[in-house]
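Take a look at the structure below.
Naming convention: chains lettered A, B, ... in sequence-line order (proteins, then strands); numbering from 1 in each chain.
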Amino acid sequence: MRLLAAVILVALTNIAHAAEPYVIGIVAPTTGPLTTVGVRQLYAVQWWERTTNAAGGINGRAVQVVHCNDEGSPEKSAACVRDLIAKKSVLLLNASVTGPIRAAMPLVQNGPAMITPSPNIVPDPSSYVFQTSPSDIDLTRAIALFLKRNNTDQLAMLASTDASGEVGVASAAAVFPAEGIKYELARIDLKANDASIQLANIVKPGIKVVFSNYSGGGAAAVVKSYSNLGLTQPLIVSYANISDAFINVIKNDLPKRLLGTGVKAVVPELLDDPAQRKHVEDFMVSYKQMNKDNADMLTLLGLTLADTADAVLRNVKTPDDAAAVRAFLETSVIQSVQTIRWSKTRHVGMTADDVAILEYRNGRWTNADPIQ
Amino acid sequence: MNPLTQSIISGTMSGAVYALLAVGLVLAFHTSRVVNLAHGESFAVGGLTAATLSEAGQPFYVYVPVAIGASILFLLAIERLLLRPRRTWPTGSLILVTLAAAFLTRGVLQLIMGVDPLSFPRLFAGAPFRLAGGVLPQQGLALIAIGALAAVSVTLFLLFTPLGHRLRAVAENPDAAELLGVNVDRARALAFGIAGALGGLSAVLLVPLVSVDYQAGLGMTLRGFIAAALAGMAPSLAVLAGFGLGLSEALVTNYGGALLQDPIVFLALIGIAVWQSRNIAFGGTGRA
């Protein structure tokens, strides 16, 4: 009788254990100046949580996404990561920006794996940090190649004064001179609501294109100032500004030509792989039904986080073993909005080949036309 | 383009907004002795109301007065619901109450209006004016002209009209003012209402040139407060200090870069605060 009771107890314990959800921690700024960056990525990951659980979970276990709001602050980002590790997250997703992500990286020296889509993060291959986008250097190189294809060798560039701006400035210094492109640079404070002084300093005669690498909603100040000054050159905005929310703020002041750097998936027609195109299109439809909002570049970046988490949970037998997760990520190909491929020597998932120079035309982003 | 001319134009535009905010802060301070740290929220409330109504298809002659009305109601509510019932509290505690109100407003705006920045079309559209290598949009000219006119008008009202004198008397000695027949509650409500109107006006003039979101208020309070502090909370100097702050910020950005803007402005503020506190440091009767 006692033996039977013990067997039942063990069985019940196993069932209870099996029913425990997989905890996925996500750091995303949902208040503060970087809200527009964090919210959309978070929504994409929450979309994955809901659809996965509605389909019965993974391996019979539900997925539980635990969010921590770092407000775009490095101190809070580190506190978030500590808290999410304490909550036994098997994987950390970091949808914040450069400074806060960097502040959190030392905390995952021994795992768990932390996945981020920020192009400004180029993780050490010996670390547990993986980045799903092309790097900022790749994005800058894509701009340089676009300019060269259009016989343009002069550029005016605006960069923010935060850590993201520093990365942009370093990438510009590494790429543009090597490609024979001269550039004028000015910096803008994250809280500034006017960029006309900076633009007056850098848009000199002969400048055919202006590039703003300022991320977040505040970049509207750049576009509005551009319009206030009556500038007519094409304006290239940053990777993180390819969003409907951003267009909504500037719709009354759209430059004559608004360009941007993005992954090709923003324009599904640019994807060669029919399976990837279907994945993106299905996500866009389902996301819109669930959130009553169009998916944009930032939600697609959130989807790269979700797809990576999904692949880990489905393929790694012991996802709470950080070394096993890292080994899986370094040797597998993640099929997401585009192919993400990491290795033991590179923890950046995409390359310059994955980047498209986009143009906002007739209410949607599409492939950029040549510069005239 | 000429960067110096553009700096002067941009600085004057910012200065008009700072002047409106500073005059509103000084006005409320001179009737209640409280630095209202929720003052900038009147900018956020007005701007977001206008943007939301514009988004809903309302014409400007609807959303402009409604937005300014919302800003007025907001600051009247701060005075009536938060400050008036606590009029016997120490000033320091009341300032903290206004800070709490600012954060509460921020949270409520986030819940109601969402997190995305918003904007609305310019009230004064058309080709910008070009002068001496600088560019001034028509909305910018309106901002400078209307902003300066409103700020100066309120200052003159406060300095030279009987009602203005009564408002200031309320701050100097509310009990004595009441004995002389001044309705203190009404005077304070009037001051907060005018301050709200200035906050709302600054929003409808500036937001079409930039954008606004739920967290815009605190930054506006800070700039308005710096201008008011530079003026020593004196009504006669608030407009000048607002324009001076806007111009100096623009010139620092032009010659020193954006990285130097905040350090230099705050250094100037500290310097002026130290200079203004000389009397206090030496017993309130001048230097020893």
Side-chain angles (χ1 to χ4, degrees), chain A residues 29-40 71 158-162 165-166 185-205 207 216-231 243-253 293, chain B residues 1-11 13-14 17 51 54-55 106-107 110 114-122 125 127-128 130 133-140 206-216 219-220 222-223 246 249-255 257-262:
Chain A
T30 49
T31 56
L34 298 159
T35 301
T36 51
V37 176
V39 165
R40 281 174 168 69
E71 299 180 20
L158 266 175
S160 55
T161 51
D162 65 346
E166 289 299 327
L185 174 69
R187 308 293 293 272
I188 179 167
D189 187 90
L190 269 185
K191 303 182 293 297
N193 56 25
D194 179 41
S196 52
I197 299 169
Q198 286 88 342
L199 288 167
N201 273 287
I202 58 175
V203 183
K204 295 176 177 168
I207 296 283
V222 176
V223 182
K224 293 257 179 182
S225 299
Y226 208 80
S227 171
N228 294 342
L229 294 177
L231 295 174
S243 71
D244 285 357
F246 184 67
I247 292 294
N248 196 40
V249 184
I250 60 166
K251 64 180 181 227
N252 299 312
D253 295 282
D293 192 15
Chain B
M1 271 185 287
N2 183 326
L4 174 61
T5 313
Q6 195 57 50
S7 303
I8 293 168
I9 291 172
S10 298
M13 282 161 54
S14 305
V17 175
S54 165
E55 197 73 18
R106 205 173 153 148
Q110 183 184 5
V115 297
D116 292 332
L118 299 172
S119 193
F120 52 91
R122 293 153 198 249
R130 295 179 186 278
V135 182
L136 174 63
Q138 292 193 18
Q139 177 79 22
L206 180 65
V207 171
L209 293 170
V210 291
S211 62
V212 63
D213 62 16
Y214 70 94
Q215 57 203 337
M220 287 297 165
L222 188 65
R223 291 304 190 225
E249 269 189 354
L251 292 172
V252 168
T253 301
N254 187 44
Y255 290 111
L259 288 165
L260 279 180
Q261 186 179 310
D262 276 357

> Quick one: CG on D213(B) to OG on S119(B), what's the gap to the nearest 0.5 Å?
Replying inline: 11.5 Å
> chain B heavy atoms under 4.5 Å from T31(A): which part of the residue, side chain, backbone, both or neither?
Replying inline: both
>> Contact between N252(A) and R122(B) at the side-chain level, heavy atoms closer than 4.5 Å - yes or no?
In response: no
> Is a side-chain donor or acceptor of Q6(B) paired with a backbone partner of I197(A) at a separation under 3.5 angstrom?
Replying inline: no
> Using non-hydrogen atoms only, which part of F120(B) is less than 4.5 Å away from chain A: side chain, backbone, both, or neither?
Replying inline: backbone
>> Counting only non-hydrogen atoms closer than 4.5 Å, does V207(B) touch chain A with its backbone (N, CA, C, O), its side chain (CB onward), both, or neither?
In response: backbone
> Which one, E249(B), M13(B), R130(B), leads in non-hydrogen pairs under 4.5 Å with chain A?
Replying inline: R130(B)
> Where on P121(B) is there a heavy atom nearer than 4.5 Å to chain A: the side chain, the backbone, both, or neither?
Replying inline: both
> At a heavy-atom separation under 4.5 Å, does L199(A) approach chain B through its side chain, its backbone, both, or neither?
Replying inline: backbone
> Is chain A contacted by the side chain of L206(B), its backbone, both, or neither, given a heavy-atom distance below 4.5 Å?
Replying inline: side chain
> Given that the side chain runs from C-beta out, which part of Q138(B) has a heavy atom under 4.5 Å from chain A: side chain, backbone, both or neither?
Replying inline: neither
> If you tally heavy-atom pairs under 4.5 Å against chain B, which of T161(A), V203(A), L229(A), V223(A) wins?
Replying inline: L229(A)
> In this structure, which one of V252(B), L251(B), T253(B) forms a side chain to side chain contact (heavy atoms under 4.5 Å, CB included) with Y255(B)?
Replying inline: L251(B)
>> Please classify the contact between D253(A) and chain B as side chain, backbone, both or neither, with a heavy-atom cut-off of under 4.5 Å.
In response: side chain
> If you round to the nearest 0.5 Å, how far is CE of M1(B) from CG of N201(A)?
Replying inline: 9.0 Å
> Tell me, side chain or backbone of L231(A) under 4.5 Å from chain B's heavy atoms, or both, or neither?
Replying inline: side chain
> Checking heavy atoms, do the side chain of S227(A), its backbone, both or neither come under 4.5 Å from chain B?
Replying inline: both
> Short question: side chain of K224(A), backbone of D194(A) - any donor-acceptor pair under 3.5 Å?
Replying inline: no
>> Between N228(A) and S196(A), is there a side-chain donor-acceptor contact under 3.5 Å, judged purely by atom types and distance?
In response: no
> If we only count heavy atoms from C-beta on, is the N248(A) to K251(A) side-chain gap below 4.5 Å?
Replying inline: yes
> What option among V212(B), V135(B), T5(B) has the most heavy-atom pairs under 4.5 Å with chain A?
Replying inline: V135(B)
>> Does any part of the side chain of L158(A), heavy atoms only, come nearer than 4.5 Å to the side chain of I202(A), both counted from C-beta?
In response: yes
